Amino acid sequence: MPRYNPKETEPRWRAAWEREMIFRARSPAEAAGQPKWYVLEMFPYPSGKLHMGHVRNYAMGDVVARYKRARGFNVLHPMGWDAFGMPAENAAMESGVHPKVATYAQIANMRSQLKTLGLALDWDREFATCDPEYYGKQQAWFLKLLRSGLVYRKESEVNWDPVDMTVLANEQVEDGRGWRSGALVERRKLTQWFLRITQYSDELLKGLEELPRWPEKVRLMQENWIGKSRGLRMTFAFEGVAPQGFEGGVSVYTTRPDTLFGASFIAIAADHPLAQSLAAADAKAAAFVADCKKGGVSAADIETAEKMGYDTGLKVRHPFVDGQSLPVWIANFVLMDYGTGAIFGCPAHDQRDLDFARKYDLAVRPVVIPAGEDAPTFAVGKEAYVGPGKLANSDFLDGLEVEAAKAEAISRIEAKGQGQGATVFRLRDWGVSRQRYWGCPIPVIHCAKCGVVPVPEDQLPVVLPDDVTFDVPGNPLARHPAWKNAPCPSCGGAATRETDTLDTFVDSSWYFARFTNPRAAEPIDKVAADYWLPVDNYIGGVEHAILHLLYSRFVTRALKDEGLLSVAEPFDGLFTQGMVTHEAFQSRNGEWLTPDRIEKRGNEWVDRELGTPVTMVGVEKMSKSKKNVVAPEDIFEQYGVDAARLFVMSDSPPERDVQWSTGGVEGAWRFINRVWTEFEAHEIPDETVEQGDDAASTALTRATHRLIKQVGESIEQFRFNTGIARLYEFLNVLKANPPIGAGPDLMAARHAALSAFARLIAPFTPHLAEECWARIGGEGMASTAPWPVYLESLTVEDERVLPIQINGKRRGEITVPAGLAEQEVEKIALADPATMRHLEGLSVRKVIVVKDRIVNIVAG
RNA sequence: GCGGACGUGGCGGAACUGGUAGACGCACCGGACUUAAAAUCCGUUGGGCCGCAAGGCCUGUGAGGGUUCGAGUCCCUCCGUCCGCACCA
């Protein structure tokens, strides 16, 4: 029997699609009222090599794009390259190849690999973020934000990666180490460019509520990241003579103003101006402050770090208790960049404050008494009480519940003019400066006379110079005199260009908008953007749940306020897909081994070549270092692209990891061949034969209609694995009704079934679908054929098999017409011989009939 | 520590709003075809028990309890795994 030959069919159909340009998205004008659908997978970094993760990611988007197209939507499904970034520059330092040369070569490689996937992409819209045409537009809107104050410069302590020689955003520091280099991060002070994302804190938080098509998990992560808290910002006045410059007192922020009467100290951060000022005059304080900075910043260090403090000797007055004073300490556990960098400590009701108080023997006064405890006897030992309760030992707050006490404390402080209710966010402004070459140049010029001057719009883009070297660490732009020196646009005097480039997250925070018209003269073609945005299905890894998605949401809002586009939220539907994993093996001496040389003998994993036992370390993300990578091109070569696409979507729910297995992909390959066998054997029936009404053809017709419904729903709901399972199931039905010996009625039903089937598999295995479609004489191509329609009436069986339970245990079943009334079903059930046998000697107390579902008889 | 997700055969996983647990695939086993193997095709398979058989019974979704005619699904307690954040006052 001739097997299906993907090596011949797949390239042929890809060429046909390209020739007919069927995946080109229509412009808003061309579309004229046709509904749009924008499908976007997170665009790749051009590493130069396609991996299985890409295959899964892009195959999923492709399923939706092809499905929506068949449903009559004008689909935008573009592709581009997130092409700036450190890998290319690091490679340049090692190998001497220029980042630009290397990047475009890698793009070329990956483009051709991606094209073999047979994706329904509009390649006409392709761009790379390192194209001057793209980053020039980015510079243009950057300057708009600069003018409206959303971009600013400030000196700030930054995370400095000593290996990559660059500044990292907080988000790029993981466990105190650079996210890429893994080097321990240092703190340095530099003047940096920032985007004022905090101006949108509240909007970004509220906006999450309008994103029901996002995973709950991602919304929660963003919510926590933005970290809104409500509390009180208030000032404690110094007792006696205030230190110079701090006559106004110490400002603190608290979310527990109800516990004010339990306060026993004030603690300020080591970076707090007051601490700095004290350190300048006091050697001991200076030593302590220096000590605080020394501590490691890794998660483990922080967790185990002991609370440390230094008593400044200063005292402040309690706002409500005359004569009570609180000592002011410098403490290592207080953060300068949250709230005001100072707190009041209430040890009884905060664990950190309690640890600190126990160590330095400060007072612990409970003021919130849990229900069932008495104020005079309630004591706090080693664990602070943070639960609900009634206030005590708190003057005017006594007897109030926590929430009421908070409100009362705030209004009393406000009345005294010593502070006011405040909302604080955890979110910080986005530092976008990178001391790097391979990024978008920040388009400003520094002039000694005029200060920071934007590059005039007609001089954009500020293009990266090509003649740079990477033989020494640091930023090549900073040591390129011809590029760096430029006349001041304002006064014409000698001036220098900004040599910082933008964080690559800026590049990826608006590319989805540029795709709507990538050749527009403006950064964003408003007509096109308003037509296409928001993205209807945005698909990518969950690792971008916070940074990329939050930045994109922010930039979209900022650009909306600039009038560049109209939507506030860029991504209406978000889907985070799982990774492709594979078993990873290690020999007994710890060497990683490729899975293809391992086989299972009994319960043992054995190295096939050496015959030695090996350890299956686990099922992990494919990675070079663990040697558990399966190269997509090898799979394409052996089984074809369709089999690879099908397998990565069939074996697990899309949001979960899928485990690569040879058996699995062979199963997909088997399916493809079985499908082809059915189509090959099919004889196109005479058109004059009407569909029959015999039992077999009716059953097949019903099964077909049910399948159309199920597959459509699976795709809409991103449950590709169950949709594919239904296709497998249907193939078994087809095989159970073979053409051999079939009459004209069944042949007609089979033809209709195959016609639908070819179109239903098209999103998953598009090349096979075309071949099948052509085989049965389908009009045009499967990729352009309309989605088959089903009749609801044909999706339900006209008979139902109802299980009969007696006291909750299944005892038999009856077959009844669908929709039969409860009383009728009850009669049939009670008359059923098997039921009667089980009911012998029992009396029926109650019969529950769930229509078309089940019968449960309660008897005793 | 805080927040969240999840736990179903040998494996990946199905099971709509509480209604026949184990769809579909992998693996395994048996059979057909073959000189043989591969490929292909057909069939069996949660565990246990009774029966020559037809068939029947018990048990079963991490553990324990609860609600319900009925629980994988809802509630409580516990155990375990994974993910995010992390001294955020």
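Keep in mind that this is a model prediction, so the values were computed, not measured. Just so it is clear: chains get the letters A, B, ... in the order the sequence lines come, proteins before strands, and each one is counted from 1.
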When you measure only distances, ignoring hydrogens and angles, does the side chain of [X] come within 3.5 Å of the base of [N] through a donor and an acceptor?
X	N	result
A:Arg3	B:A39	no
A:Lys307	B:C87	yes
A:Arg656	B:C82	no

Quick check, are the ring centers of A:Trp214 and A:Phe575 under 6.0 angstrom apart?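 No, they do not, as the ring centres are separated by 6.0 Å or more.
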So, for A:Phe265 and A:Phe344, is the gap between ring centers shorter than 6.0 Å?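 Judged by ring-centre distance (under 6.0 Å), A:Phe265 and A:Phe344 do not meet the cut-off.
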Regarding A:Lys809, tell me which of base, sugar-phosphate or nothing describes its non-hydrogen contacts under 4.0 Å with the strands shown.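 Counting heavy atoms under 4.0 Å across all strands, the contact made by A:Lys809 is with sugar-phosphate only.
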Classify A:Val658 by what it touches in the nucleic acid, base, sugar-phosphate, or nothing, heavy-atom distance under 4.0 Å.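 Nothing, no nucleic acid heavy atom in range.
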Could you tell me how far [M] sits from [N] if I compare only their [atom1] atoms? Round to whole Å.
N	M	atom1	value
B:C82	B:U68	C1'	33 Å
B:C57	B:U8	P	29 Å
B:U77	B:U20	C1'	31 Å
B:A27	B:C42	P	16 Å
B:C24	B:U45	C1'	16 Å
B:A63	B:G72	C1'	15 Å
B:C28	B:G43	C1'	13 Å
B:G66	B:A54	P	39 Å

I want to check one thing: is the phosphate of [N], taken as OP1 and OP2, less than 4.0 Å away from some side-chain N or O of [X]?
X	N	result
A:Thr722	B:A23	no
A:Asn807	B:G70	no
A:Arg719	B:A15	yes
A:Arg233	B:A89	no
A:Lys851	B:G19	no
A:His838	B:C57	yes
A:Arg811	B:C58	yes

Considering heavy-atom distances to RNA chain B, does A:Ser652 or A:Arg256 have its closest nucleotide positioned more toward the 5' end?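 Counting from the 5' end, the first nearest nucleotide belongs to A:Ser652.
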Check every atom of [options] against the side chain of [X] and return the nucleotide holding the closest atom.
X	options	value
A:Leu220	B:G19, B:G4, B:A86	B:G4
A:Arg853	B:C41, B:U17, B:C24	B:U17
A:Arg426	B:C85, B:G25, B:A14	B:C85
A:Tyr338	B:C24, B:A89, B:U20	B:A89
A:Asn856	B:G19, B:C24, B:G13	B:G19

Please determine whether a side-chain nitrogen of the Lys or Arg among [X] and [Y] lies less than 4.0 Å from a carboxylate oxygen of the Asp or Glu.
X	Y	answer
A:Arg810	A:Glu813	yes
A:Glu792	A:Lys709	yes
A:Glu306	A:Lys359	yes
A:Glu209	A:Arg219	no
A:Asp350	A:Arg256	no

CD1 of A:Ile268 versus C1' of B:A89: gap in Å, rounded?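 Computing the A:Ile268:CD1 to B:A89:C1' distance gives 15 Å.
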For [N], the Watson-Crick or wobble partner whose two distances fall under 3.5 Å:
N	value
B:A63	B:U77
B:C2	B:G84
B:A36	none

